[in-house]
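Working notes for the structure below.
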Amino acid sequence: SAGTADLNTVYSVSSVNKAKDLFGGGSLLHNMAQSYFQKPEITDVSFIALTEPSAGTAATGNIAFSGTATAAGQVNVYIAGRKVTAAVANGDAANAVASAVTSAINAKTDLPVTAVVNSGVDTQVDLTVRTKGEFGNKINIRFNYGGETTAAGITGTITTLTGGAGQ
């Protein structure tokens, strides 16, 4: 709904930015375009915008933090292969880390998820896939890659995205 594309119309797309304009940032088609255009041999692909089904649910999951930072550092979260980094100051408690991670996720409007700090557990970041459907259950979420580390004193636990239903 955030894009400019007309429904049921074929669009020739030649860049990630064009897909974002047409289909909306973070939409399924925008995320597909991000994957397609990582390969240099792909220069053009066709997409058709469809109405999101009225039936179905979006997948949800969460990231829970505990501890207090004993040194400045960062939290690196990868969502669908895209890196999100939140700064952590020495002495930051888990709720401050959850807030920083939530802000960092929502600042990246090309991600397939949105984030909120849980209203009852302020150390937990609740994630919701932007679009209904089973595909959301397969979105990978992980901490750190290639030698990256989480700020000392902070521990994070990921609850996998589940519950997505519909086509």
Side-chain angles (χ1 to χ4, degrees), residues 1-53 56-65 73-88 97-117 125-151 154 156-167:
S1 63
T4 60
D6 293 324
L7 295 177
N8 302 314
T9 301
V10 177
Y11 289 91
S12 179
V13 178
S14 57
S15 72
V16 172
N17 286 335
K18 181 68 173 176
K20 184 176 184 176
D21 291 343
L22 285 168
F23 310 116
S27 68
L28 180 59
L29 292 178
H30 178 226
N31 279 277
M32 286 180 174
Q34 290 176 31
S35 294
Y36 286 133
F37 291 115
Q38 286 181 357
K39 299 180 187 273
E41 65 274 8
I42 296 178
T43 58
D44 190 70
V45 65
S46 295
F47 289 108
I48 300 173
L50 302 174
T51 303
E52 182 177 44
T57 56
T60 59
N62 67 66
I63 305 170
F65 293 99
Q74 59 191 27
V75 172
N76 302 297
V77 179
Y78 288 80
I79 300 172
R82 289 181 208 93
K83 184 177 182 179
V84 177
T85 301
V88 177
V97 173
S99 180
V101 168
T102 297
S103 294
I105 289 170
N106 289 330
K108 291 193 168 242
T109 59
D110 60 339
L111 293 174
V113 301
T114 59
V116 297
V117 174
V125 179
D126 292 336
L127 304 171
T128 303
V129 176
R130 292 179 187 270
T131 309
K132 297 175 188 174
E134 295 174 15
F135 73 90
N137 301 330
K138 295 182 170 112
I139 295 172
N140 184 281
I141 301 172
R142 65 182 59 211
F143 291 113
N144 302 320
Y145 183 76
E148 296 172 337
T149 58
T150 298
I154 297 296
T157 305
I158 295 169
T159 300
T160 306
L161 293 165
T162 59
Q167 299 295 352

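Note that the numbering runs from 1 along the sequence shown for the chain.
- Between the side chains of Asn76 and Asn144, a donor-acceptor pair is found at a separation under 3.5 Å.
- Here the closest heavy-atom approach between residue Leu111 and residue Ile105 is recorded as CD1-O, 3.6 Å.
- Taking every heavy atom of both residues into account, Gly136 and Leu161 meet most closely at O-CB, 3.6 Å.
- Summarising the geometry of Ile63 relative to Phe143, their closest heavy-atom pair is CG2-CZ, 3.5 Å, with the distance given to 0.1 Å.
- Taking CD1 of Ile48 as the reference point, atom CG of Asn8 lies at 7.5 Å (rounded to 0.5 Å).
- Taking every heavy atom of both residues into account, Ala100 and Ala87 meet most closely at CB-O, 4.1 Å.
- Scanning all heavy atoms of the two residues, the minimum distance from Ser46 to Val10 falls at CB-CG1, 4.0 Å.
- To the nearest 0.5 angstrom, Leu127 atom CG is 8.0 Å from Thr114 atom OG1.
- Phe47 and Tyr36 have tilted rings, their planes meeting at an angle from 30° to 60° on a 0 to 90° scale.
- Around atom CZ of Arg82, more than 12 heavy atoms belonging to other residues, nucleotides or ligands sit under 6.0 Å away.
- Taking both residues in full, the closest heavy atoms of Thr102 and Ala115 are given as CG2-O, 3.5 Å, listed atom of the first, atom of the second, then distance.
- With no hydrogens or angles considered, no side-chain donor-acceptor pair links Thr4 and Asp21 at under 3.5 Å.
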